[in-house]
Amino acid sequence: MPYDPSDPLKDRITDIGPRYYEEFLPPVIKNNKGKWLYHEILEPGVLVHVSETGDEVYTVRTGGCRLMSIEHIREICEIADKHCDGYLRFTTRNNIEFMVDSKAKVKPLLDDLKSRKFEKGSFKFPIGGTGAGITNIVHTQGWVHCHTPAIDASGIVKAVMDGLFDEFGSMRMPAPVRVSLACCLNMCGAVHCSDIAILGIHRKPPMIDHEWIDKLCELPLAIAACPTAAIKPAKTASGLKSLEVNADRCMFCGNCYTMCAAMPLADEEGSGVAILLGGKLSNRISKPKFSKVIVPFIPNQPPRWEDTVNTIKRIVDVYAKDAQKYERVGDWAERIGWERFFEKCDLPFTHHLIDDYRFAYTTWRQSTQFKY
Amino acid sequence: MGKHNTPMLDELEKGPWPSFVSDIKQQVEKGKQALKEAPDDLLGVLELSYEDKVTHWKHGGIVGVFGYGGGIIGRYCDQPQQFPGVAHFHTVRVNQPASKYYTTEFLRGLCDLWEKYGSGLTNMHGSTGDIILLGTVTDNLEPLFYDMTHELNQDLGGSGSNLRTPACCLGLSRCQFSCYDTQEACYQFTMEYQDELHRPAFPYKFKFKFDGCPNGCVASIARADMSVIGTWRDNIRIDQEAVKAYVGGELLPNAGAHSSRDWGSFDIQKEVINLCPSQCMCYDGNKLEINDKECVRCMHCLNVMPRALRIGEDRGASILFGAKAPILEGAQMSTLTVPFMRMEPPFEELKELIEKVWDWWMEEGKNRERLGELIQRESFQKFLEICELEADPRMVDEPRSNPYIFWKEAEVEGGWTRDINEYRKKHQR
């Protein structure tokens with residue numbers, strides 16, 4: 001029975017959750033689950049996993065745009081039907097993986113993927129994203145679909161990945177480099193533990209829409225939302241209930257705007273990019289660590305964000321030349337010392353980069369050990 | 001040719017990386033989606049943002065499907081007259097299958113559904129892991145949900161102050177390092193807590209993520225209120241012949257992960273033994289020895305020599321709590337709370353633990369206070385108390401350096417009630 005708008009609750013099904021994953025496992029994966037012995041990366045973007053049963057699965061990893069049309073998904077399905085018996089998977093970093101169960105099937109798949117381009121020439125399925133290289137950027141919605149961003153997401157990712165394209169398809173970095181983007185401090189993309197993080201920040205305090213704020217918002221919620229207690233009740237000259245912001249105490253987190261639509265803070269000049277560096281999630285060798293702010297602000301530069309792209313490329317180049325094998329970006333910066341990091345990367349160190357929020361003291365240097 | 005002139009976005013069709021602009025344009029040209037103008041108007045409003053350098057989306061209103069408090073995010077354009085195709089442009093979160101394996105049959109079904117009811121645009125996938133269907137109108141939500149549940153046997157994901165859609169790495173399905181079945185755990189926890197996922201009753205969002213090993217491919221330690229990270233308690237299994245093959249250059253170290261550059265021949269002393277964070281390995285030219293009691297399972301040696309070394313066989317997971325992004329008190333990573341727990345279906349021990357944690361957080365948590373912030377505000381000791389766990393040196397990097405201990409009265413001999421007059425008998429005023 002199709003949906004009946006006059007009786008929306010008829011035959012209603014709820015709380016069934018996702019489909020059971022096992023339905024979607026390719027046979028070679030299903031048969032060897034829990035039996036894998038080892039893997040090898042045969043070339044950038046191509047992996048083989050070998051099972052104790054002797055079975056092998058060959059995986060071709062391709063970059064994808066997280067923002068994807070159903071026409072494109074249907075093309076992915078066409079490829080998976082042609083080469084992979086109708087199975088595929090996506091990775092946590094927006095890559096697409098095509099799996100085949102014999103080596104002979106790899107080359108036709110690679111040739112097919114490499115031949116597919118969009119009309120204006122960009123690859124539909126670039127191959128890479130493995131090992132000690134730079135894989136796809138995980139990111140958020142940006143100007144495509146979000147109400148709080150300070151920057152776009154998809155456009156910056158496209159520009160940066162164009163700049164790092166050769167590194168996606170190779171494995172010549174000292175260690176994996178994970179680049180992430182979040183278009184505001186809410187960080188639905190959680191970029192705070194990335195080797196390189198592109199983060200949207202605001203620099204102007206919220207404006208107050210005095211005529212509307214009492215109608216649109218719960219004023220006490222907006223006051224309580226401020227982590228620095230910079231917002232207090234106020235009355236306009238005409239006697240309307242409103243709020244006022246102590247601009248000197250504002251750290252531009254945007255939490256008030258999240259709670260109250262009458263306090264917008266995004267701005268053509270005020271909002272832009274901050275770059276953070278040196279975080280990691282893996283426990284390999286060193287412990288997981290947070291990314292640190294190394295560039296406090298770069299203006300929004302649509303459509304190609306040249307300064308952001310060039311800054312990241314410069315850092316990646318210096319890191320690739322200077323770091324030791326296995327050293328993640330943050331481990332490298334700590335070994336050479338942050339003073340040396342700024343010097344080598346030709347980045348200015350300004351007062352913006354010294355912490356003055358919670359636990360700030362723990363990041364100041366209490367030692368006479370430093371480098372000239 | 002679309003209806004809007006987009007010279008700035010057209011610049012993003014250049015260069016080798018896949019162009020999302022080219023992709024949206026192909027949907028404009030070929031697509032048969034219900035919201036006919038949506039892809040075209042999305043390009044239009046995005047071009048306007050590129051000119052203005054600010055977003056043109058408004059706060060979402062309350063929209064959803066009947067009986068659920070999450071899964072749909074309301075979204076409206078602030079220039080609806082100029083871009084009517086995206087005036088109402090709500091997001092639908094669809095709970096992805098564990099590890100994001102798909103059949104083309106399912107994906108095609110999803111494409112057909114979204115063609116029938118939406119913009120034809122998606123995110124594969126959103127940051128938390130969901131399939132995101134990007135942009136539809138309120139009237140289409142109920143029929144979309146009806147068809148999704150009836151025809152695709154598929155439910156929505158989480159949003160708002162509820163359990164967000166759990167996510168996992170690919171686990172045992174295609175990885176030799178996984179210490180438990182992350183997919184099964186993810187699925188079972190998703191099913192067990194459907195009510196928490198669909199009907200917001202929490203102070204704020206809550207995320208589960210399941211990593212199979214300390215390499216942490218699904219980022220649970222940074223991104224999940226409860227991070228479940230696979231680990232083991234016994235010895236790393238060593239194939240001494242394979243170790244020699246790595247040393248002799250017959251096997252490619254790092255599974256080939258560094259092979260685009262000449263790093264010289266493999267040096268086990270320099271690349272493995274000396275980099276071990278707990279210095280628990282040695283190699284005498286013939287035999288690799290690991291003092292497993294001192295191993296902290298960082299994964300480095302296993303990553304470098306996957307054909308020689310394998311994870312132990314007494315497996316389970318470490319349970320950590322409290323990670324979150326900066327809003328509001330600053331970013332936090334999860335704190336080790338249960339060093340080792342068995343992870344076998346039906347995962348009763350972990351379910352009991354999380355329910356204790358939720359009871360406390362729902363009772364004590366302030367509006368929009370994440371679990372990690374509550375633990376900081378109330379203390380880790382309090383958290384251990386509600387978890388009914390004993391303190392363990394594995395839970396800290398180091399003991400406290402300040403001596404401000406909040407002793408409890410019951411811990412102090414004789415309690416706290418004293419008589420000042422008795423005191424004065426011995427001590428003059």
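Throughout, protein chains are lettered first and strands after them, A, B, ... in sequence-line order, and every chain is numbered starting at 1.
Looking at B:K30, the atoms closer than 4.5 Å to chain A (heavy atoms on both sides) sit in the backbone and in the side chain alike. Both the backbone and the side chain of B:L275 come within contact range of chain A, with heavy atoms under 4.5 Å apart. Residue A:R66 touches chain B through both its backbone and its side chain, counting heavy-atom pairs closer than 4.5 Å.
B:Y187 and A:E22 share no side-chain donor-acceptor pair at under 3.5 Å. Between the side chains of A:H145 and B:T91, a donor-acceptor pair is found at a separation under 3.5 Å. In summary, the side chains of B:N254 and A:Y326 do present a donor paired with an acceptor at a separation below 3.5 Å, with no hydrogens or angles considered.
For B:F145 and A:Y3, the ring centers sit 6.0 Å or farther from each other. Checked against a 6.0 Å centroid threshold, the rings of A:F168 and B:W17 count as neighbours. Aromatic ring centres of B:Y76 and A:H147: separated by at least 6.0 Å. Here B:Y101 and A:F24 keep their ring centres 6.0 angstrom or further from each other.
A search for side-chain contact (heavy atoms from CB on, under 4.5 Å) contacts involving B:F66 returns A:L9, A:R12, B:E142, not counting sequence neighbours. When the ring pair (Phe, Tyr, Trp, His ring centres under 6.0 Å) test is applied to B:F20, no partner is found at least two apart in sequence or on another chain.
Of the candidates B:Q176, B:R307, B:R174, B:Q176 is the only one forming a side-chain hydrogen bond (donor to acceptor under 3.5 Å, both in side chains) with A:H39.
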- Message: Using the rule given for side-chain contact (heavy atoms from CB on, under 4.5 Å), can you reason through B:E115 versus A:R74, listing the C-alpha separation, both sets of side-chain angles and the distance that settles it, and then say yes or no?
- Response: CA-CA 12 Å; B:E115 186 167 80; A:R74 284 171 174 152; 2.8 Å; yes
